[in-house]
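Below: the structure, in structure tokens.
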Protein chains: 2
Amino acid sequence: MQSTLSLQTARNAAAPRDALTALDRLGTVVTLHREESLFYEGDVAEYYFKVVTGAVRSCKLLADGRRHVGDFYLPGDFIGLDAESDYIFSAEAVTDTTLVRYSRRSVDALAWEEPKVGQRLLGIARHRLCAARAQMMLLSRKTADERIASFLLGMADRSGDNDHVTLPMTRTDIGDHLGLTIETVSRSLSQLRKDGVIALVNSHEILIRDRDALEELAEAA
Amino acid sequence: MQSTLSLQTARNAAAPRDALTALDRLGTVVTLHREESLFYEGDVAEYYFKVVTGAVRSCKLLADGRRHVGDFYLPGDFIGLDAESDYIFSAEAVTDTTLVRYSRRSVDALAWEEPKVGQRLLGIARHRLCAARAQMMLLSRKTADERIASFLLGMADRSGDNDHVTLPMTRTDIGDHLGLTIETVSRSLSQLRKDGVIALVNSHEILIRDRDALEELAEAA
DNA sequence: CGCCGCATTGAAATTAGTCAATACTCGTGG
DNA sequence: CCACGAGTATTGACTAATTTCAATGCGGCG
């Protein structure tokens, strides 16, 4: 994940010499409180965002309220490349969050002048597509336990720390991301705990005790 | 779907005057028979492809053989943008198929010289991301009947003809695409037929009799 | 201290999956 | 021209996984 992040943070903009730094001048900082929305499904997609601190989730709703969480965006992650003219999901802060906002028009314009920028955008899009394909496999064919195992490993990979995972989101968010109910998520986590595969420090912090077992469950397709 | 297709077919290459035509000179024609593979998951991603005639499916397998069909690619569709260095799925011909093959290196190189090409690539990637998000919603939250309804409408949209849908793939392919078993696919289709929503001309051709009912089922999120 | 939101656990209900039998289609060969 | 057989699809009966409904538990904050 980290490897494909492209646009530097506003903080890093001080370190120039790279075509990408031009981008950072386009960014303005945005802050959101927990549960605030960044944009809504159907809004005109005027901006890209990059998470600096905190966490964001993308949501889609069906008419009767069933919800799907497409992705969780953590520090460094880029939001908005999967929009044609309008946003296709809403984005909400999972916790208090800071982001950098970029005018999509300006970034896109820059992309065609500076090949490096264009390449990075395409690289991010590619990466999101890969993640989306993996998630579709998970949703279409994995069991509840396998989904949870895959999710925990994914979060661990993204968080630097190998066996200590922080889950900023609620069980409902996790369920809506994995196509499960909150109860099933809870039961799977409890089962993994009973089996000694993980330990629950508290409901938002998990220790991976037996990574091999977790990876076997996740079935690295 | 059609609107975002970008690279012209080899056939159209004769009509020049557009930056994109440079691309078509890079293409060579490939033909596949039913069930032949175009490439395998894990192969180095050297080529992009575009379907000219026929149909291709993308597949991912779990260790124990569970299969997921990510997408069906129909004439005009572009294959391969969702690969970083290696292909993340295998691609197989659903029926006898003709494609144009492009060297990825050449296309990518051209993309940074000709902004239009880069824009089109990014446009295709965006479009696939949108489709992937919709599919994740389907897989994570829709019932079997809703999945079938969504799938039929999607195929109808892609095929020009509004109420006559040709399904070149088998029930197994459809099931693996929608996260269902072959039996459930069959039962859902039978139910829709009994309810007068569709008619089955034969097992690969369907008539939409009551589009409103189908759209209500699909719940245009 | 007690409430409120979130999480866990249990028991019943339901959807989709599995196993199994039958039917259809199409191509081949008697 | 019809019969056969392979592959695919449909239908039925039963099973299993997950959801739903319901109750209890836990933790932080006013």
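Here is the naming used below: chain letters follow the sequence lines, and residue numbers restart at 1 for every chain. Since the model is a prediction, treat every value here as computed from it, not as a measurement.
- The residue L189(A) sits apart from the nucleic acid: no heavy atom pair falls under 4.0 Å.
- Contact annotation: T170(B) side-chain N/O to dG7(D) OP1/OP2 distance is not under 4.0 Å.
- In this structure, the CD atom of E183(A) is 14 Å from the P atom of dA23(D), given to the nearest Å.
- If you check residues 143-153 of chain B against DNA chain D, you find no residue with a heavy atom closer than 4.0 Å.
- The side chain of T184(A) places an N or O atom within less than 4.0 Å of a non-bridging phosphate oxygen (OP1 or OP2) of dT19(D).
- When rounded to the nearest whole Å, the span between CG of L180(A) and C1' of dT19(D) equals 10 Å.
- Residues R193(B) and R34(B) both approach DNA chain D. Their nearest nucleotides, taken by heavy-atom distance, put R34(B) toward the 5′ side.
- In this structure, G179(B) reaches the sugar-phosphate backbone alone: every heavy-atom distance under 4.0 Å involves primed, P, OP1 or OP2 atoms, never a base.
- The base of dT9(C) is not paired with the side chain of R171(A) by any donor and acceptor separated by under 3.5 Å.
- Taking atom CG of residue D176(B) and atom C1' of nucleotide dA16(C), one finds them 15 Å apart after rounding to whole Å.
- Dashed line: the shortest gap from a side-chain N or O of H204(B) to OP1 or OP2 of dA9(D) is under 4.0 Å.
- Contact between the side-chain N/O atoms of T181(B) and the OP1/OP2 oxygens of dT18(C) is not found at any separation under 4.0 Å.
- In this entry the distance linking CG of L167(B) with C1' of dA9(D) reads 13 Å, nearest Å.
- For CZ of R209(A), the number of neighbouring non-hydrogen atoms (other residues, nucleotides, ligands) closer than 6.0 Å is 12 at most.
- Between the side chains of T98(A) and T31(A), no donor-acceptor pair is found at a separation under 3.5 Å.
- At a threshold of 4.5 Å between non-hydrogen side-chain atoms, the residues S90(A) and E92(A) count as touching.
- The aromatic rings of H177(A) and H68(A) sit parallel, their planes meeting at an angle under 30°, below the 60° perpendicular limit.
- Residue-to-nucleotide contacts include a donor-acceptor pair under 3.5 Å from the side chain of R187(A) to the base of dT20(D).
- A side-chain contact (heavy atoms from CB on, under 4.5 Å) with L152(B) holds for exactly one of L217(B), D157(B), L189(B); it is L189(B).
- Summarising the geometry, the separation between CD1 on I182(B) and P on dC24(C) is reported as 17 Å, rounded to the nearest angstrom.
- Counting to the nearest Å, the C1' atom of dA16(C) and the CG atom of L139(B) are 14 Å from each other.
- Residues D145(B) and S188(B) have side chains that bring a donor and an acceptor to within less than 3.5 angstrom of each other.
- Separating the NZ atom of K142(A) from the P atom of dA17(D) is a distance of 18 Å, rounded to the nearest angstrom.
- Among the protein residues, S186(A) comes within range of the nucleic acid bases, having at least one heavy atom under 4.0 Å from a base atom.
- For Y102(B) and F49(B), the ring centers sit 6.0 Å or farther from each other.
- For the pair I208(B) and L214(B), the minimum side-chain heavy-atom distance is below 4.5 Å.
- Remark: P of dC24(C) and CG of N202(B) are 14 Å apart, rounded to the nearest angstrom.
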